[in-house]
Every structure is written in C-alpha cells, then in structure tokens.
Amino acid sequence: MNELRGAGVALITPFNTDGTVDFESLAKLIDFQIKKGMNYLVVLGTTGETATLTAEERKRIWAFTSEHVAGRVPLVAGIGGNNTMEIVAQVKAFDIPGYCAILSVSPYYNKPTQEGIYQHYKAVAEASPLPLILYNVPGRTGSNMSAATTVRLAKDFTNIVATKEASGSFAQFSEIMRDKPADFLLISGDDPATLPMMALGAVGIISVVGNAYPAEVAELTRLCATNDYVAARPLHNSLLHITDLCFVEANPCGIKCILLEKGIIAADALRLPLLPVSEATRTAIRQEVAQLN
C-alpha cells in the first residue's frame, strides 16, 4: 500500500449557505490539493462532516471526487460508525471506482470493549472489497482501541493494512511499531504528532491542516521520510499555531474558516450541531493566515 505513504488529507465537505453541498468549491479544493503535492485524498472521513450527510449525498461526493480526480492521486473512502450491521452493509455496497482503500473509524458513543472493537472490525474486514485502514481517535469516539487490539487485527486480517492513530499516546504508538506485521502501516492522525511519530516509524499523516496548507504538510512528511529532521523541525513548528486554531472550536469549524480566508471555498458553512467559529477565533485565524502568507 505505497499509496498510503506520505501526506494524505482528510477533505472537508464544502457547503453553500443554504446547506447544500458546494461541488464547485470541492472541485477547487481537490485541484488545490493535487497542485500543491498532496499524495492522496481521504473523502468523507469525520472531517468531512459525514455523520450529517445523507446516503445519497455521500454517494454523490464519492463519485464526484473520483471523476474529478481522474486518477491523478489515490483516493480513500471514509466509511465508519457505531452500528456494525449498517457499516458492513455500506462497505459491501461500495462500488465506486477510483478508490484504493476504506478508512473506518472505531465505533463511537457505544464504548465497546476491546473484544467488541475487534469483532466490529472483523465484520467490516470480512465484508470489505478494498483494503481497510483502522482509525483510532479516542477524543471523539469515547473509547481507545488498544495497541494489542490493533496488532491483533493487523495479524488476523491481511486486508487490514494500516491504522490512523490519534490516541496521543507515544507508548501506544511504540507498542504498535514493535509488535505489528512488517507491512502494516502506522499513520499519524494528529497533525502536531506527525514529526515525532514518523521518527518512530510512521509512514505519514492523514491531515486536517493540509486542507489549507498541502504543500507544507507534503514537504514535512517528505523530509521526515528521508530522516532530515533538522530541516523538518522549523516547518513542523511553523504549523503549530494554525493547527491549534483548527481545533479550538471543534473540527472542521476552524479549517473551514481558514479555507474561506484563503479564498479556496466560498463559505465556511457547516451543518448543525456545528457552527462557524466565533469572531474572536476568526480574528485570530485571519491574523495567523496573514502571517503565514
């Protein structure tokens, strides 16, 4: 799965002010990512506000993105949730061409045991027509997928090829790297952790801030992949403040504001229960965008 090495971006879903999907801005965002060197695109991960999209909207966005990309970069489809039967059905039905893998978030809200998480992913892996990327983000799901569960899944299912790790635990990252199969990939799921995780052996990032700064994120992962951490550190440091602003009022509120400030999307509209950022955060974002420019 060399397609999953380097810089991937968890694309936002642009909306018009009336709440409909803004496909014109999505096309502009896609072209911006490819032009600036992003290695692959993740379509409808949690950053894409997937939980508030209808089934028909999801299909249209997956198909539109595939058609617009036209093979220029690899694509990953986000299909995840806390209803295992429903996710299995969605995965089985996924037949849109142009995608190389499926990213599936660990079940949220239910707070399953480790065995429950294992059985969930077992069902999804057995149904999936594409390689599967695990996604562990305890801050959003309410439960942590342990390193032992991740490694067990990686060893038991050949089509589980990677994990996007956003637990924030370097002990957990290290345990995964120590015990995983040689060809199983560790991917950072947290922008500020990319450099240190790649020092441990991670192969890259699925980034949020990369929506607005794809060239910088792609260059950061390239430098880390070649062990040039002296050159990577200043770039890593330069992105820390803008990354903090992405998440100060929940994701993807901040990154949509940044994209609007940069003129890449037409509106920073979100779907309830999310709202655009406050004026104080917008002012801080505007100042930091100007400084980075």
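On a predicted model such as this, the values are computed, not experimentally measured, just so you know. Start at 1 with the first residue, then count along the sequence.
Atom-to-atom distance recorded for E216:CD and D191:CG is 12.0 Å, nearest 0.5 angstrom. Note: M198 CE to L223 CG = 9.5 Å, rounded to the nearest 0.5 Å. Going from atom CG of L245 over to atom OG1 of T281 covers 7.0 Å, rounded to the nearest 0.5 Å. Expressed to the nearest 0.5 Å, how far CD of Q33 lies from CG of N39 amounts to 11.0 Å. Rounding to the nearest 0.5 Å gives a distance of 13.0 Å between CG of L29 and CD of E24. How far NZ of K164 is from OG of S104: 12.0 Å, rounded to the nearest 0.5 Å.
Residues meeting the ring-ring contact (aromatic ring centres under 6.0 Å, His included) test with F170, sequence neighbours left out: F173. K256 is linked by a salt bridge (Lys or Arg N to Asp or Glu O under 4.0 Å) to E49, counting only residues two or more places apart in sequence or in another chain. Here E165 pairs with N136, S167, Q172 under the side-chain hydrogen bond (donor to acceptor under 3.5 Å, both in side chains) rule; sequence neighbours left out. In this structure, R60 has no side-chain hydrogen bond (donor to acceptor under 3.5 Å, both in side chains) partners at least two apart in sequence or on a different chain.
Residues R72 and D31 are paired through a salt bridge, judged by an N-O separation under 4.0 Å between the basic side chain and the carboxylate. Using a cutoff of 4.0 Å between basic side-chain nitrogens and carboxylate oxygens, K122 and E126 are scored as salt-bridged. Using a cutoff of 4.0 Å between basic side-chain nitrogens and carboxylate oxygens, R222 and E219 are scored as salt-bridged.
Smallest separation of non-hydrogen atoms from V88 and A127: CG1-CB, 3.7 Å. Heavy atoms only, all atoms of each residue included: A250 and L274 are closest at CB-CD2, 4.3 Å. Across all their heavy atoms, A266 and D22 have their closest contact at CB-OD2, 3.8 Å. Minimum interatomic distance between P214 and A212 (heavy atoms only, all atoms of both residues): CD-C, 3.3 Å. Contact between S188 and A193 at its shortest, heavy atoms only, is OG-C, 4.0 Å. Scanning all heavy atoms of the two residues, the minimum distance from T84 to A123 falls at CG2-CB, 3.9 Å.
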Using the rule given for side chain to side chain contact (heavy atoms under 4.5 Å, CB included), can you reason through V105 versus R140, listing the C-alpha separation, both sets of side-chain angles and the distance that settles it, and then say yes or no? CA-CA 10 Å; V105 68; R140 300 194 75 163; over 6 Å; no
Where do T163 and L186 land on the side chain to side chain contact (heavy atoms under 4.5 Å, CB included) test, with the steps shown first? CA-CA 5 Å; T163 184; L186 175 65; 3.8 Å; yes
Test side chain to side chain contact (heavy atoms under 4.5 Å, CB included) applied to T46 and Y135, step by step: CA-CA 10 Å; T46 50; Y135 180 18; 3.8 Å; yes
Stepwise side chain to side chain contact (heavy atoms under 4.5 Å, CB included) check, L195 with R233: CA-CA 8 Å; L195 186 153; R233 278 193 293 268; 4.0 Å; yes
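With hydrogens and angles ignored, the 3.5 Å screen pairs a side-chain donor or acceptor of K28 with a backbone N or O of G263. Using a distance-only test at 3.5 Å, with no hydrogens or angles considered, a donor-acceptor pair links the side chain of S66 to the main chain of P97. When atom types are taken as modelled, the side chain of D18 and the backbone of T20 share a donor-acceptor pair closer than 3.5 angstrom. With hydrogens and angles disregarded, a donor-acceptor distance shorter than 3.5 Å links the side chain of S238 to the backbone of L235. Here the side chain of T13 pairs a donor or acceptor atom with the backbone of G48 at under 3.5 angstrom.
Residues I265 and L270 do not share a hydrophobic cluster, defined by chaining ILVMFWY side chains whose heavy atoms lie under 4.5 Å apart. Taking hydrophobic clusters as Ile, Leu, Val, Met, Phe, Trp and Tyr residues chained together by side-chain heavy-atom distances below 4.5 Å, L185 does not share a cluster with L200. Criterion: ILVMFWY side-chain heavy atoms under 4.5 Å apart, direct or through other members. Under it, L130 and W62 are part of a common hydrophobic cluster. Residue V137 is grouped with residue Y109 when hydrophobic side chains (ILVMFWY) are merged at heavy-atom distances under 4.5 angstrom, including chains of intermediate members. Both I12 and I258 are assigned to one and the same hydrophobic cluster, defined by single-linkage of ILVMFWY side chains at heavy-atom distances under 4.5 Å.
With hydrogens and angles left out, the side-chain atoms of Q287 and Q291 include no donor and acceptor closer than 3.5 Å. For the residue pair D228/T226, the side-chain donor-acceptor check at 3.5 Å is not satisfied.
As a member of the Ile/Leu/Val/Met/Phe/Trp/Tyr network built from side-chain separations under 4.5 Å, L275 groups with L272.
T149 places none of its side-chain heavy atoms less than 4.5 Å from the side chain of Y121. When side chains are defined from C-beta on, P107 does not count as touching T141, because their heavy atoms never get closer than 4.5 Å. With contacts defined as side-chain heavy-atom distances shorter than 4.5 Å, the pair Q90/I87 qualifies. Counting only heavy atoms from C-beta outward, the side chains of I133 and M1 never approach each other to under 4.5 Å. For the pair V91/P129, a side-chain contact is recorded, criterion being any heavy-atom separation below 4.5 Å from C-beta on. Side chains of R271 and L53 form a contact here, defined as non-hydrogen atoms less than 4.5 Å apart. At least one side-chain heavy atom of T50 sits less than 4.5 Å from a side-chain heavy atom of R58. Inter-residue side-chain proximity for R282 and P276 is flagged as met; some heavy-atom pair is nearer than 4.5 Å.
When each of L292, V289, N211 is tested with K262 by the rule side chain to side chain contact (heavy atoms under 4.5 Å, CB included), just one qualifies, namely V289.
Less than 6.0 angstrom separates the ring centroid of F94 from the ring centroid of Y99.
Residue pairs satisfying the ring pair (Phe, Tyr, Trp, His ring centres under 6.0 Å) criterion with at least one member in residues 8-49, sequence neighbours excluded, are listed as follows: F23-F64.
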